[in-house]
Visitor: 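Handing you a structure now.
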Amino acid sequence: MSLLNIVNLSKKFSTINRQVTALSSITLAVEEKEFFVLLGPSGCGKSTLLNLIAGLEQPSGGEISLGATIFSSRAKRIHIAPRDRNIAMVFQNYALYPHMNVAENIEFPLKIRGISKDKRVAMVLEAAQMLELDKVLQAKPGELSGGQRQRVAIARAIVRKPSLFLLDEPLSNLDAKLRASTRNNLKLLQKRLGITTIYVTHDQVEAMTLGDRIALLNNGHIEQIGTPQELYNNPVNHFVATFIGSPPMNLFTLNVTFNNNQYGFIVNGTKIELPDSLVKQIKKTTQTILLGVRPENIEIKPEPSKDSIEVTVTGIERLGRETIIYAVCESVSVSLISSNLVPQIGEKVTIVLDLFKAHVFEKPKSDVN
Ligand code: ADP
Ligand code: MG
């Protein structure tokens, strides 16, 4: 059985003039020792979900349980207080006690739980060593760098060996380089300690590098749950397809025609042949769908061919080993990654889409292009 089980959870907030549905029909399970990421755009309900797990908010419906213990259930009128859940939490704006030194900050949660002095000293030292803070134990927070302060907050959260470790965008305040190194340390530490962790971020790179699995949220519901590879390789819809990956997957409007018992596909004016694997995914009644192609699966060719498309280059971003090229064909934008041919802005080039690596999606009701 999974460690954390969330079933059909919902949360509505009532404000003076309206009701906000922050979460609806959230069902997910987190395994023991798993690093589970809640990913999604700002306002999609990530923090609300984390607060419900911590017990800081009460659900409007559904149930949360850890092992055999029900944490919250609206129907059964159960709500276990945050302090009785053995959960540790680190926020983006974590607050350290400024008048206490590093050792005292880490020790604080042990002290209020009445753990003996001898045990406390040993536990603080263990946590400090793991987070490379043993040399700054006597320093006050004001004397530390941003990265060190963040590590103190993490040490303080994990020192009492919680059954669940919740982090809400904990690295957002750090600069890019520090964010990457802290990310690595956090992942190593989590695996070493084996603490089941739920990590909230809006940053897909952070989610892809940290998560054993990711739940991608959008507008209060779950779009897809899976490993980073599953979300990248098999996105279930156009939202997942374009949220994961940078630059995002290209989406082209595809008009399906049925003539002489054959399907024809027109992509922005160019007739192309789709491989059977893609044709099988298209519902026969569908007339307009989306064809998704990742930038790395589009190639610039020196010569035109029967399935090449001519585009005009509008922008170039050199990243070192590879270059991102932005182009347009009529009014449709396309981005691709090239590692050898780098054209000039304004130049016309021919491109070929690798349709064996393409995806088809239903066109959503609200237009995306
Ligand atoms: P995220 O963390 O993904 O950015 P939140 O969980 O903070 O999103 O918010 C989800 C939605 O719920 C937003 O529309 C937000 O405005 C709303 N919301 C969150 N907390 C409250 C609250 N206490 N009162 C009213 N609305 C809230
Ligand atoms: Mg948030």
Side-chain angles (χ1 to χ4, degrees), residues 1-9 11 22-23 26-40 45-59 62-74 76 78-95 106 108-110 112-113 115 123 126-127 130-131 150-171 182-183 185-201 206-207 210-217 222 225 227:
M1 197 179 128
S2 310
L3 181 71
L4 179 77
N5 287 287
I6 296 179
V7 182
N8 207 15
L9 195 72
K11 179 68 184 173
L23 293 171
I26 301 288
T27 296
L28 61 87
V30 178
E31 305 302 321
E32 192 143 10
K33 301 191 178 177
E34 190 170 29
F35 201 122
F36 193 88
V37 175
L38 298 175
L39 172 68
K46 306 179 294 296
S47 296
T48 303
L49 182 51
L50 214 62
N51 292 342
L52 285 165
I53 297 169
L56 302 172
E57 299 277 4
Q58 299 205 23
E63 197 165 293
I64 304 173
S65 47
L66 189 85
T69 311
I70 298 174
F71 271 178
S72 293
S73 168
R74 178 87 186 193
K76 295 173 190 158
I78 297 173
H79 183 74
I80 295 182
R83 64 173 181 282
D84 298 325
R85 294 188 179 202
N86 194 23
I87 283 178
M89 220 171 160
V90 173
F91 302 92
Q92 180 181 345
N93 297 312
Y94 54 94
I106 302 175
F108 190 73
L110 303 175
I112 56 172
R113 276 177 177 72
I115 292 169
M123 288 164 90
E126 189 195 0
M130 269 183 310
L131 284 143
Q150 182 57 273
R151 295 210 300 275
V152 176
I154 293 171
R156 187 178 60 182
I158 59 167
V159 69
R160 59 192 174 83
K161 310 236 159 58
S163 13
L164 211 52
F165 186 25
L166 310 180
L167 299 111
D168 193 346
E169 314 232 9
L171 308 183
T182 312
R183 196 161 74 203
N185 288 341
L186 192 63
K187 175 93 183 178
L188 289 173
L189 183 75
Q190 192 269 343
K191 287 293 162 232
R192 187 139 43 106
L193 295 178
I195 302 179
T196 311
T197 299
I198 305 179
Y199 186 101
V200 160
T201 181
E206 216 165 272
L210 281 172
D212 294 323
R213 283 189 307 148
I214 299 169
L216 178 54
L217 276 80
I222 294 174
I225 300 179
T227 63

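Side chains are part of it too, since the values below use all heavy atoms of this structure and drop only hydrogens, waters and symmetry mates.
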Visitor: For Lys161, what residues pass the salt bridge (Lys or Arg N to Asp or Glu O under 4.0 Å) criterion, not counting sequence neighbours?
Guide: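 Counting only residues at least two positions away or on another chain, Lys161 forms a salt bridge (Lys or Arg N to Asp or Glu O under 4.0 Å) with Glu126.
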
Visitor: Give, for atom OG1 of Thr48 and atom CG of Leu23, the distance between the pair rounded to the nearest 0.5 Å.
Guide: 5.5 Å

Visitor: First locate atom CD1 of Ile6, then atom CD1 of Ile198, and finally report the distance between them rounded to the nearest 0.5 Å.
Guide: 6.0 Å

Visitor: Any non-hydrogen side-chain atom of Leu52 less than 4.5 Å from a side-chain atom of Ser72?
Guide: no

Visitor: Run the salt bridge (Lys or Arg N to Asp or Glu O under 4.0 Å) test against Asp168 and tell me which residues pass, sequence neighbours left out.
Guide: none

Visitor: Which atom names give the shortest non-hydrogen contact between Ile195 and Pro162, and what distance separates them?
Guide: CG2-O, 3.8 Å

Visitor: Glu206: which residues meet the salt bridge (Lys or Arg N to Asp or Glu O under 4.0 Å) condition with it, sequence neighbours left out?
Guide: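 For Glu206, no residue satisfies salt bridge (Lys or Arg N to Asp or Glu O under 4.0 Å) once neighbours in sequence are set aside.
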
Visitor: Can you name the residues that form a salt bridge (Lys or Arg N to Asp or Glu O under 4.0 Å) with Arg213, not counting sequence neighbours?
Guide: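 With sequence neighbours excluded, Arg213 shows a salt bridge (Lys or Arg N to Asp or Glu O under 4.0 Å) to Glu34, given in chain and number order.
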
Visitor: Compare every heavy atom of Lys33 with every heavy atom of Lys191, then report the nearest pair and how far apart it is.
Guide: NZ-O, 3.6 Å

Visitor: Kindly write out the residues that satisfy side chain to side chain contact (heavy atoms under 4.5 Å, CB included) with Ala81, not counting sequence neighbours, or none if the list is empty.
Guide: Arg83, Asp84

Visitor: Where do Ser163 and Thr196 come nearest, in terms of heavy atoms and distance?
Guide: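 Taking every non-hydrogen atom into account, O-CB, 3.9 Å.
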
Visitor: Who passes ring pair (Phe, Tyr, Trp, His ring centres under 6.0 Å) against Phe108, sequence neighbours left out?
Guide: Tyr97

Visitor: Can you name the side-chain hydrogen bond (donor to acceptor under 3.5 Å, both in side chains) partners of Asn8, sequence neighbours left out?
Guide: none

Visitor: When rounded to the nearest 0.5 angstrom, what is the spacing between OG in Ser73 and CD1 in Ile80?
Guide: 11.0 Å

Visitor: Check side chain to side chain contact (heavy atoms under 4.5 Å, CB included) between Leu56 and all other residues, then give those that pass, not counting sequence neighbours.
Guide: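 Once residues adjacent in sequence are excluded, the partners of Leu56 under the side chain to side chain contact (heavy atoms under 4.5 Å, CB included) criterion are Asn51, Ala54, Pro82, Met89, Phe91.
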
Visitor: Return the set of residues passing side chain to side chain contact (heavy atoms under 4.5 Å, CB included) with Ala157 (not counting sequence neighbours), or none when no residue passes.
Guide: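 So Ala157 forms a side chain to side chain contact (heavy atoms under 4.5 Å, CB included) with Ala88, Val90, Phe165.
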
Visitor: Please round to the nearest 0.5 Å and tell me the distance separating atom CG of Leu167 and atom CG of Leu210.
Guide: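 It is 9.5 Å, given to the nearest 0.5 Å.
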
Visitor: Who pairs with Ser2 by side-chain hydrogen bond (donor to acceptor under 3.5 Å, both in side chains), at least two apart in sequence or on another chain?
Guide: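 Glu31.
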
Visitor: Would you compute the distance between atom CG of Leu66 and atom CZ of Arg85 and round it to the nearest 0.5 angstrom?
Guide: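 It comes to 9.5 Å.
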
Visitor: Could you tell me which residues satisfy side chain to side chain contact (heavy atoms under 4.5 Å, CB included) with Gln190, sequence neighbours excluded, listed by chain and number?
Guide: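 Partners of Gln190 under the side chain to side chain contact (heavy atoms under 4.5 Å, CB included) test: Phe35, Thr197.
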
Visitor: Compare all side-chain heavy atoms of Ile70 with those of Glu63 and state whether any distance is below 4.5 angstrom.
Guide: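 Touching, per the 4.5 Å side-chain cut-off.
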
Visitor: Of Val200, Leu38, Ile222, Ile64, which meets side-chain contact (heavy atoms from CB on, under 4.5 Å) against Leu49?
Guide: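 The residue from Val200, Leu38, Ile222, Ile64 that satisfies side-chain contact (heavy atoms from CB on, under 4.5 Å) with Leu49 turns out to be Leu38.
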
Visitor: Is the shortest side-chain heavy-atom distance between Leu3 and Leu164 below 4.5 Å?
Guide: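 Leu3 vs Leu164: side chains touch.
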
Visitor: Report yes or no: does Lys46 contribute a side-chain atom to a donor-acceptor pair with the main-chain N or O of Leu217 at less than 3.5 Å?
Guide: no

Visitor: Could you tell me which residues satisfy side-chain hydrogen bond (donor to acceptor under 3.5 Å, both in side chains) with Thr27, sequence neighbours excluded, listed by chain and number?
Guide: none

Visitor: Please find the pair of heavy atoms, one from Arg156 and one from Ala95, that lie closest to each other, and give the distance.
Guide: NH2-O, 2.8 Å

Visitor: Just so I know, are the side chains of Asn86 and Arg160 near enough to count as touching, which here means a heavy-atom distance under 4.5 Å?
Guide: yes

Visitor: Looking at Gly211 and Val37, what are the two nearest heavy atoms and their distance?
Guide: CA-CG2, 3.6 Å

Visitor: At what distance, to the nearest 0.5 angstrom, does OG1 of Thr69 lie from CG of Leu4?
Guide: 11.5 Å

Visitor: Which pair of non-hydrogen atoms, one from Lys187 and one from Asp212, has the smallest distance, and what is that distance?
Guide: NZ-OD1, 3.5 Å

